[in-house]
Structures are given as structure tokens and as C-alpha cells.
Amino acid sequence: MRRQDGDVQPVRQALAEAIRSRVGGPAGDDHARRLFESDGPRWFGPDRPVRRVHADASVFVGALRALLLQSLHPLAMAGVADHSDFRHDPWGRLQRTARFLTATTYGNSAQSEEACATVRRVHRRVHGVAPDGRPYDANDPHLLTWVHIAEVDSFLVAYQRFGAEALTPAEADGYVEDMARVASALGVPDPPRSVADLRSRLASYGPELAGTPAARDAARFLLLQPPVPLAARGPYTLLGATAVALLPWRAKMMLRIPPLPLTEAVIIRPAGRALVAGMRWALTPGAPDTDTDLDPAAPVSATRGPGSLAG
């Protein structure tokens, strides 16, 4: 049965505003508007897979999975622990990341280049010595590659599991190819350009990964001490559990998160799918207000705008 628009719209608007204010920040809408209304060529046309993936609410699950996975490289984690303010200003860090992702996905070429230049400038200040005595540098091509492939894999896995409409194999390769354009601008040498290449690169980093105390501490902070209002603790906890459910078994063991395959399959993943569908419903203008809106099997187009990031 169709609900009355007047009954549903205030709920949708309130939920959308709550999400956007956290992710985009106080100036998020203005920033997004400048990007989408700017003239000039783009890195990615409207039909590219990267626009579809980054417009979907599943990007929230992918982002959290990416942080957990990236933390397993001891040198990458040392850089975060020593130079990031994620504990004191986690929302500020999230907002900066979201702005970068929005600029490179939807902005014109000049805006995308500037976003990448800003990241490269920040990286020049991120260097030091890890607890195991090894030096690290955020502009080290090897570390840049790890951060990139962990992020791409996480966004892709989350979208394929929870996105509005899964990518075909060719489209999935296209997403990896799209993200290679961004990676090259950040200084990643020869980034993967297909899913097969992405999986191979991920496997090659296996011997370097470890569940360091810093990585496990970061996981506890992200999953058990979320910087969210009390009213949002339930949805955030489910979001975290959904991200964990998508981690490789070995990654969970390194972070000392007990694998619960039956619970994940029967409870967490279906509940996570419903949560992402609800967020997509709130963030997608013009989606039908029907009782099937939150049905995980009922796809809602997420290609109408920036969706979960800022729009």
C-alpha cells in the first residue's frame, strides 16, 4: 500500500539531513553544488561505473571496511596513528575523505586535480618510524598502492553485496579502471585496472600484513566506541558489524574479531542490507514511497545524483 507523501517526506528529509550533516559537514551541500554545477570536462562521464558505486549508500559499509583492512599494514597504520586526528576529530576526517571522493568522482578535471594535489601535499608531512623500527612515508609508492587497493576492493565488495544493482563483470572491471585514474593522480605506479589484477595485488601484500596493537586499538575505537549520538548507536553498530562481515577471514583473525559465519549469514548481512536500503531510500530523491522501499530485493536507482556522499 502506498503511503501518503506528507507522512513519509518529513521522515525521509530528517534522515537524509542527519546523514549528510555528519558526512558532508556544515558546508557539504555548498561544496557539492559547486562540483556538480561547474563547467568543463570530467574524468568520468555519467555512464561510468565509479559514479554508480560512489552514489550508492553501500559506500558507507565500504568505507568502514576499507579503514579496517588498511590498518593491517603496519607501516600504513603507523602513519595513521602518528599523524591522523581520527580519534579527536573523526567526523572531520570523514568529511575530508568524502569531499575528496566527491570531487574526484563528480567534479570537473581541474577540481579533481586540485583534490589530488591537496592529498599529495598532506602526504609530504606524513613520515616517521613505526614501532617495529622501520621508516614509513605516506608517499611511498608501495604504501600508496596498498591503501588504494584496500579501498577499491572494499567499495566494490560492499556495492556488489548491498548496492542497488550489482555490476556486471565488465562493469566491475570498469570500476577498477576508473579508480586507477584517481590512483595515478595520487602517485600510485601502475594501479590495477581489472578485478583479477586487483585480487592478485591484494594477495601479494598478504605476507606484509599483521594485526598490530595499533590496528586492533583502531578497530575497537571504530566498532565499539563510535563517535555518534546515542540515538544512532544501534544503526552504527549494525553498520560496523556489516563491514566486519565483509572482511576476509584472515583479516578478522588479525584484528581479533571472532568469525561468526552463521550469525553473519543469517542475521548480520540481511539486517545490513535492510539498513543500506533504508539509507538509500532517504538519500535518493524521487524514490517511491511504498511499503517495498526497505525491501532488500527492491532496487532503488542511485544514479540520480551524489546520493550518500553529499547531494
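These numbers were taken from a predicted model, which means no experiment stands behind them.
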### Query
Under 4.5 Å between side-chain heavy atoms, hopping through other hydrophobics if needed: is there a path connecting V126 to L144?
no

### Message
Within the structure provided, determine whether M179 and P191 are in side-chain contact (heavy-atom separation under 4.5 Å).
### Response
no

### Task
Look at the side-chain heavy atoms of Ile, Leu, Val, Met, Phe, Trp and Tyr, link any pair under 4.5 Å apart, and say whether F44 and V176 land in one connected group.
yes

### Under-4.0 Å salt bridge between R65 and D153
yes

### Task
Report the distance from atom CD of Q70 to atom CD1 of I149, rounding to the nearest 0.5 Å.
10.0 Å

### Task
For the residue pair F155 and V61, establish whether any side-chain heavy-atom pair is separated by less than 4.5 Å.
no

### Message
Taking the side chain as everything from C-beta on, heavy atoms only, tell me whether P74 gets closer than 4.5 Å to R134.
### Response
yes

### Donor-acceptor pair, side chain of R120 and main chain of A185, under 3.5 angstrom
yes

### Task
Hey, can you tell me if H83 and H127 have their rings parallel, tilted or perpendicular (30° and 60° cut-offs)?
tilted

### Task
Evaluate the side-chain proximity of T145 to P189: yes if any heavy-atom separation is below 4.5 Å, no if none is.
yes

### Query
Which pair of non-hydrogen atoms, one from S184 and one from R193, has the smallest distance, and what is that distance?
OG-NH2, 3.8 Å

### Message
Can you see whether R201 engages S204 through a side-chain donor-acceptor pair at a distance of less than 3.5 angstrom?
### Response
no

### G272 to F162 - nearest heavy-atom pair and separation
C-CE2, 4.2 Å

### Query
Using 30° and 60° as the class limits, which term best fits the ring planes of W146 and H73: parallel, tilted or perpendicular?
tilted

### Task
Any chance you could lay out the side chain to side chain contact (heavy atoms under 4.5 Å, CB included) test for V80 and L67, step after step, and finish with the verdict?
CA-CA 10 Å; V80 171; L67 291 175; over 6 Å; no

### Query
Between Y136 and G79, which heavy-atom pair has the shortest distance, and what is it?
CE1-CA, 3.5 Å

### Query
Step by step, would you call L186 with H148 a side chain to side chain contact (heavy atoms under 4.5 Å, CB included)?
CA-CA 10 Å; L186 289 173; H148 171 70; over 6 Å; no

### Task
Verify the cluster assignment for V182 and V195: are they in a single hydrophobic cluster under the rule of side-chain heavy atoms below 4.5 Å apart?
yes

### Task
State plainly whether the residues R181 and D178 are in salt-bridge range, i.e. N to O under 4.0 Å.
no

#### Entry: Carboxylate-amine/guanidinium proximity below 4.0 Å for K252 and E264
yes

#### Entry: ILVMFWY cluster, V147 and V119 together (side-chain gap under 4.5 Å)
yes

#### Entry: Donor-acceptor pair, side chain of S109 and main chain of P41, under 3.5 angstrom
yes

### Task
Apply side chain to side chain contact (heavy atoms under 4.5 Å, CB included) to the pair V50 and W43, showing each step before the final yes or no.
CA-CA 10 Å; V50 68; W43 283 359; over 6 Å; no

### Message
Can a donor-acceptor pair be found, under 3.5 Å and without considering hydrogens, that links the side chain of R52 to the backbone of E165?
### Response
yes

### Query
If you measure only the distance, is there a donor-acceptor pair under 3.5 Å linking the side chains of Y205 and H142?
yes

### Query
To the nearest 0.5 Å, what is the distance between CG (L262) and CD1 (I268)?
10.5 Å

## Note on the structure
So OG of S58 and CG of L275: to nearest 0.5 Å the spacing works out to 11.5 Å

### Query
Would you say the side-chain atoms of S200 pair up with the backbone N or O of A196, donor to acceptor, closer than 3.5 Å?
no

### Query
Does a side-chain N-to-carboxylate-O contact under 4.0 Å join R121 and E114?
yes

### Task
Check the pair V53, V59 against side chain to side chain contact (heavy atoms under 4.5 Å, CB included), reporting the backbone distance first and the verdict last.
CA-CA 7 Å; V53 173; V59 75; 5.9 Å; no

### Message
I need the D137 CG to R125 CZ distance, nearest 0.5 Å.
### Response
13.0 Å

### Task
Please name the pair of heavy atoms, one in D56 and one in R280, separated by the smallest distance, quoted to 0.1 Å.
OD1-NE, 2.8 Å

### Message
Let me confirm one number: the CG-CE distance from L247 to M254, rounded to the nearest 0.5 Å.
### Response
11.5 Å

### Query
Does atom CZ of R256 have more than 12 heavy-atom neighbours, drawn from other residues, nucleotides or ligands, at distances under 6.0 Å?
no

### Query
Closest approach of L246 and A158, non-hydrogen atoms and distance?
CD1-CA, 3.8 Å

### Message
Count I, L, V, M, F, W, Y as connected when their side-chain heavy atoms are under 4.5 Å apart, and connections chain through other members. Are L223 and F221 then in the same cluster?
### Response
yes

### side-chain hydrogen bond (donor to acceptor under 3.5 Å, both in side chains) partner of H54, the single match among Y175, Y106, Y159
Y175

### Query
Taking the side chain as C-beta and beyond, is there a heavy-atom pair between F100 and C116 under 4.5 Å?
yes

### Query
If you round to the nearest 0.5 Å, how far is OG1 of T105 from CZ of R48?
12.5 Å

### Message
With a 4.5 Å cut-off on side-chain heavy atoms, are L167 and Q160 touching?
### Response
yes

### Message
Exactly one of L72, L69, V244 should register a side-chain contact (heavy atoms from CB on, under 4.5 Å) with L255. Which one does?
### Response
L72

### Message
Under a 3.5 Å cutoff, is there a donor and acceptor pairing between the side chains of S38 and Q111?
### Response
yes

### Query
So, for S154 and G62, which heavy atoms are closest and what is the spacing to 0.1 Å?
CB-O, 3.3 Å

